[in-house]
Amino acid sequence: MYKKLFIPGPTHVREEILQAQTAPMIGHRAREYSDLQGRVTPKLQQLLYTQQPVFIYASSGTGVMEGSIRQAVRPGKRALVTVCGAFSKRWFEIAVGNGIPTDKVEVEWGLGFRPEQVVEALGQGDYDAVTITLNETSTGVQNPVAEIAAAVRAAYPDVVILVDAVSSMAGVKIEFDAWDIDCVLASSQKCFALPPGLTMAAVSERMFKRAGEVPGRGYYFDFLDMLKYYKKNQTPATPAISLIQALDKQMDDILAEGLENRWARHLEMAHLVQAWGRKYWKLFAAEEFLSPTVTTMVNTRGIVVGDLNKALAERGAMISNGYGDLKEKTFRIATMGDLTVADVRWLLGEIDDILGLE
Ligand SMILES: *Cc1c(COP(=O)(O)O)cnc(C)c1O
């Protein structure tokens, strides 16, 4: 049976978007492709409130996490990774796996970072880059990236700020230019409500300059090579044309909904789940850091999450278990992408019914 996905990726994809992927194939060096990329890019710039290039990679988000950090740290310098859950920790593992001298600063899971904690940590070493996770999908925490970036910028003007916005871009307002951050990236299967396979990344002038100073910056994700082709509305390697055709359609729909409406809808859906979570469970994230796209509930009733999901499957829905160490101890409801407030009310009603909550 078809299940509506309330999991933090892949998210529910509307039929029209699935259909948009079936358009005939075009040559990626042909005029039709340049027209397509040239049409999509300004819509992505609008989404991110930026004049800077927004690249489209045939990759999951993790690929661009790796690609960006490789280009951010000059020989002899270090990277700082802010860790508040499983996904932010991944950037530490990626950096170490690429031989980049890296330190991490951690907060207790369920909390986010305050600006002064990041600035203080940057004072402890010779850093070229800091990574921040806008929305930590394991704990349901949103970090105040605008405030953190402002504080970092004031204290360390040359440190490049890399932002993982995988579970928030297209669901939460991200003002790339005003925040003065250097790379923000997100894959297609979360708030964009597309199938997996693409990653969108905005890149600042500061980041391009830094990339030029890093000799071993890699090949596939090389921002300077991407920029060269971007100017012709192309990519160095073959793009995922079908997905970009779906992205073109989806961006039209996103802009037709209205960006402010889209942010408000995400918030309203999250508020519903949070209120339900406070009533029947306990919210894992601290109130001041609650995510507008995914809510992590502490499993205070000791339910078997797999059993709940089996019962939900019969009714046409799926939620998510806790991630990693938080499995069974927590469960998550994602309210991302093209889900509606009515969808969320329906889901919560079904769970109430299955578990006899009243
Ligand atoms: C899902 C997720 C990722 C991983 O993205 P992929 O596209 O699967 O590589 C990274 N960071 C966060 C915050 C996520 O939610």
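Both ligands and their constituent atoms are indexed starting at 1 by order of listing. Every value quoted in this text rests on a predicted model; they were computed, and no experiment measured them. Any value given below was found using the heavy atoms of this structure, including those in side chains, with hydrogens, waters and symmetry copies removed.
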field: Single-linkage hydrophobic cluster, 4.5 Å side-chain cutoff, Val160 and Ile94 together
entry: yes
List ligand 1 atoms under 4.0 Å from [X], heavy atoms only on the residue side.
X: Arg90; value: 4 (C)
X: Ser167; value: 13 (C), 15 (O)
X: Gly61; value: 6 (P), 7 (O), 9 (O)
X: Ser60; value: 6 (P), 7 (O), 9 (O)

- request: Could you tell me whether the side chain of Trp91 reaches within less than 4.5 Å of the side chain of Leu162, counting heavy atoms only?
  value: yes
Starting from [atom], find the nearest protein heavy-atom neighbour and note its residue, name and distance.
atom: atom 8 (O) of ligand 1; answer: Gln189 NE2, 3.6 Å
atom: atom 15 (O) of ligand 1; answer: Thr137 OG1, 2.4 Å
atom: atom 1 (C) of ligand 1; answer: Lys190 NZ, 1.3 Å
atom: atom 12 (C) of ligand 1; answer: Asp164 OD2, 3.4 Å

- prompt: Cation over ring, Lys89 on Phe92, under 6.0 Å and within 45°?
  reply: no
message: Would Thr133 count as being in polar contact with ligand 1, using the rule that some N or O on each side must be under 3.5 angstrom apart?
response: no
query: Taking both backbone and side-chain atoms of Asn135, is any N or O found less than 3.5 Å from an N or O belonging to ligand 1?
result: no
message: Do the side chains of Lys209 and Glu213 get close enough for a salt bridge, i.e. N-O under 4.0 angstrom?
response: yes
query: Salt-bridged, Asp126 to Lys77, with N to O below 4.0 Å?
result: yes
- prompt: Going by atom types alone, do Gln51 and Asp177 pair a side-chain donor with an acceptor below 3.5 Å?
  reply: no
- prompt: Would you say the side chains of Ser34 and Asn233 form a donor-acceptor pair under 3.5 Å?
  reply: no
message: Counting only heavy atoms closer than 4.0 Å, does ligand 1 sit against the backbone of Val166, its side chain, both, or neither?
response: side chain
query: Where does Ser187 meet ligand 1, judged by heavy-atom distances below 4.0 Å: at the side chain, the backbone, both, or neither?
result: side chain
message: Using heavy atoms and a 4.0 Å limit, tell me yes or no: is Glu136 in contact with ligand 1?
response: no
- request: Look up atom CG in Leu339 and atom NE2 in His12, then write down how far apart they are to the nearest 0.5 Å.
  value: 6.5 Å
statement: So NZ of Lys173 and OG of Ser168: to nearest 0.5 Å the spacing works out to 14.5 Å
